[in-house]
Amino acid sequence: MAGSNRASAFVNEPIVCLCTEQAPAVSQSFQMSKYKVLVMRHGEGAWTQENRFCSWVDQKLSADGVKEALACGHLLREAGYQLDVVYTSLLSRSIHTAWLLLQAIGQEWVPVVKSWRLNERHYGALIGLNRAEMALNHGEERVKQWRRSYDLTPPPIEESHPYFLEIYNDRRYSTCDVSKEDLPRSESLKDVLERLQPYWDGTIVPEIKKGKLVLISGHGNSCRALLKHLEGISDADIVNVTLPTGTPILIELDENFRPTKPMQLLGDQEAIQAAIRKVEDQGRSKK
Ligand SMILES: O=C(OP(=O)(O)O)[C@H](O)COP(=O)(O)O
């Protein structure tokens, strides 16, 4: 049951502000909550500190990212969550976050199910580039559009790109439900939602309907795509949604999988706002 989740006595006040500019419009109703889902961006990755677009490059967690993942587990443990299944991408930072979280919550036995459909957005030719240098060269507003707009697709990754072979020769991508040739070479957020939604509908939702408490350990933009879908965030408002690393988001849904209340970012609210600002500031030129 969603009832296996003895949740949120320890949860702080709910917030819907996922950016420092303008809160997205979130659809609300007064239906009873039937299901609960936890969605989170993995702990900080190594390239976050270098301020490079990481995307499908398989960077590990940074030392801070490891701490964040463990802290998430402790938070969920204190709040009494009992997970039934964790879904991750095929990228190590998402998987390691799940492992560390399950260790810290003391539920290592919980199955971890992996799919490329939860991978980070494919940033195409932008992979590996430094955001601050790009902001200097192209302007901060342009970089914000590249990072946050709904339907802007960066130029595709070419075979000459320094990370092309590392990505497409990786054995993990032989295990997907599409051929390597059909894997993306670049994606907008809209494209991410299009490849993620069948997995949500066909694999994750049936488990939630069985009463399982699901946690999704995803990425900044795969989680943004899912939240856009679940919360009914408009194409315009999703531009102002930025997710901090290592922060579980509790979503409560009615029997038709519509949100019954604003999503809650769990943890210390000031620290969460600071973490959101940190991610937003990656796109500044630091003149
Ligand atoms: O790999 C990435 O996200 P992730 O750290 O959530 O996996 C992207 O490079 C995030 O970049 P963005 O915050 O500019 O969209």
Side-chain angles (χ1 to χ4, degrees), residues 2 5 7-20 23-28 33-44 65 68-69 71-89 93-94 97-98 100-102 104-105 118 120-121 148 189 192-193 196 200 204-205 208 212-233 237-238 240-254 257-280:
N5 158 21
S8 30
F10 295 82
V11 167
N12 292 336
E13 283 300 297
I15 66 165
V16 290
C17 186
L18 290 173
C19 69
T20 55
V26 175
S27 56
Q28 298 183 40
S33 296
K34 179 157 187 190
Y35 305 113
K36 292 182 179 181
V37 188
L38 290 161
V39 174
M40 63 178 283
R41 183 180 182 189
H42 59 76
E44 184 191 78
E68 286 174 356
C72 280
H74 293 135
L75 179 87
L76 297 179
R77 182 182 184 133
E78 277 201 11
Y81 284 92
Q82 296 180 350
L83 302 175
D84 293 305
V85 55
V86 178
Y87 292 95
T88 73
S89 72
R93 55 195 188 277
S94 147
T97 296
L100 291 163
L101 186 151
L102 286 172
I105 201 174
L118 290 173
E120 178 54 315
R121 169 187 176 193
R148 297 290 170 260
L189 192 69
V192 176
L193 183 52
L196 187 155
W200 167 258
I204 301 178
V205 166
I208 297 172
K212 294 190 178 176
L213 179 59
V214 162
L215 181 141
I216 296 169
S217 170
H219 298 262
N221 294 297
S222 55
C223 292
R224 285 176 70 237
L226 185 56
L227 292 178
K228 182 182 189 304
H229 171 61
L230 293 179
E231 299 281 324
I233 300 170
D237 283 338
I238 196 65
N240 292 315
V241 174
T242 288
L243 297 186
T245 52
T247 305
I249 302 171
L250 174 65
I251 299 164
E252 299 195 32
L253 302 164
D254 68 15
F257 278 73
R258 285 187 303 242
T260 55
K261 54 177 74 166
M263 57 189 154
Q264 299 174 54
L265 279 78
L266 308 185
D268 178 86
Q269 298 301 309
E270 272 184 34
I272 289 170
Q273 288 304 307
I276 292 172
R277 272 196 300 278
K278 186 175 163 189
V279 177
E280 287 179 337

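All residue numbers in this chain count up from 1 along the given sequence. Keep in mind that this is a model prediction, so the values were computed, not measured.
In terms of heavy atoms, Ile216 sits closest to Leu226 at CD1-CD2, 3.5 Å. In terms of heavy atoms, Met40 sits closest to Cys72 at CE-SG, 3.5 Å.
To the nearest 0.5 Å, the span separating CD on Gln264 from CD1 on Ile251 amounts to 10.5 Å. Rounding to the nearest 0.5 Å gives a distance of 9.0 Å between CD1 of Ile105 and CG of Leu75. Taken to the nearest 0.5 Å, the CG atom of Leu76 stands 5.5 Å off from the CG atom of Leu101. With rounding to the nearest 0.5 Å, the separation of CG in Asn221 from CG in Leu227 is 11.0 Å. If you take OG on Ser33 and CG on Asp254, they are separated by 8.0 Å, rounding to the nearest 0.5 Å. A distance of 10.5 Å separates CG in Asp268 from CD in Gln273, rounded to the nearest 0.5 Å.
None of Ile249, Leu243, Val192, Leu196 except one satisfies the side-chain contact (heavy atoms from CB on, under 4.5 Å) rule with Cys223; the exception is Leu243. Of the residues listed (Val39, Thr88, Leu38), the one engaging Ser217 in a side-chain contact (heavy atoms from CB on, under 4.5 Å) is Thr88, and it is the only one. Tested against Trp200, the residues Leu193, Val37, Leu118 include a single side-chain contact (heavy atoms from CB on, under 4.5 Å) partner, Val37.
With sequence neighbours left out, the side chain to side chain contact (heavy atoms under 4.5 Å, CB included) criterion links Ala69 to Thr97, Leu100. The side chain to side chain contact (heavy atoms under 4.5 Å, CB included) check on Ala71 picks up nothing, with sequence neighbours excluded. For Glu68, the side-chain hydrogen bond (donor to acceptor under 3.5 Å, both in side chains) partners are Thr245, not counting sequence neighbours. Applying the side-chain hydrogen bond (donor to acceptor under 3.5 Å, both in side chains) criterion to Ser89, with sequence neighbours excluded, gives Ser94, His219. Remark: Glu120 engages no residue in a salt bridge (Lys or Arg N to Asp or Glu O under 4.0 Å) (not counting sequence neighbours).
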Check: Taking it one step at a time, do Ile204 and Ile208 satisfy side-chain contact (heavy atoms from CB on, under 4.5 Å)?
Finding: CA-CA 6 Å; Ile204 301 178; Ile208 297 172; 3.8 Å; yes
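Judged purely by atom type and a 3.5 angstrom limit, Asp84 uses its side chain to pair as donor or acceptor with the backbone of Leu213. Within the 3.5 Å criterion, the main-chain N or O of Ile238 finds a donor-acceptor partner in the side chain of Arg224.
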